[in-house]
Amino acid sequence: MNYWLIKSEPHVYGIKLLKKEKRSPWDGVRNYQARNMMRDDMKIGDFVLYYHSNCAEPGVVGMARVVSEPHPDHTQFDKKSKYYDEKAKEDNPRWILVDFEYVGEFPKAVSLADMKADPKLEGMVVVRKGNRLSISPVEGKHFRRVCKLGGWDPKDD
DNA sequence: GCCAACGTTGGC
DNA sequence: GCCAACGTTGGC
């Protein structure tokens, strides 16, 4: 079992929208490190901390789960999409993603400030200065700590 | 292959 | 809106 953190901007695709749609392909990722993690390392059933970025109070707001094998991001072939990539071909896709499923909202959000202030979360990728990766691996001990801070019982998973 | 210029992310 | 960090692009 691996744990992850994914960032999304709440005004673009917030956790409320994932809740409504139940599951979603994580399209639009155009960073090779993030792609490689989805393509090579994510497994069905892995738990994912859902993080809101670029907003008044950035932080982890809930839980999601990997629910698909890796497959091509269809937006790379769509000329009308802002994520269209002219170098990507149907028989040789460049961008690969997985689908995530809504699991739940935390009873209380865990803000970035809270995480930075918690000695138990030292070293976690998301609290590191200058971190811009939209997907990052999370250690089990950090995952459990964030759940605890959010009032989320991992036994519910 | 180096590296300057440029673009994007995202906290503040 | 500012700016630090850092990925990407393209000239050479």
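Reminder, nothing fancy here: chain letters follow the sequence lines and each chain counts from 1.
Looking at every heavy atom in both residues, A:S68 comes nearest to A:R23 through CB-NH2, 4.0 Å. The two atoms that bring A:Y51 and A:P58 nearest to each other are OH-CB, 3.6 Å, heavy atoms only.
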Are any protein N/O atoms closer than 3.5 Å to N/O atoms in nucleotides 4-12 of chain B? If there are, list each pair with its distance.
residue, atom, partner, partner atom, Å
B:dT8, O2, A:R132, NH1, 2.4
B:dG10, OP1, A:K7, NZ, 3.3
B:dG10, OP1, A:R132, O, 3.1
B:dG11, OP1, A:Y51, OH, 2.7
B:dG11, OP2, A:N54, N, 2.9
B:dC12, OP1, A:K116, NZ, 3.0

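Ion pairing between a basic and an acidic side chain is recognised when a charged N comes within 4.0 Å of a carboxylate O; A:K16 and A:E105 show such pairing.
Here the options are A:R94, A:R30, A:R35, the test is side-chain hydrogen bond (donor to acceptor under 3.5 Å, both in side chains), and the partner is A:D73; only A:R30 passes.
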Exercise answer: donor-acceptor pairs, residues 132-150 of chain A side-chain atoms, under 3.5 Å, sequence neighbours excluded:
residue, atom, partner, partner atom, Å
A:H142, NE2, A:E122, O, 3.4
A:R145, NE, A:D118, OD2, 2.7
A:R145, NH2, A:D118, OD2, 3.0

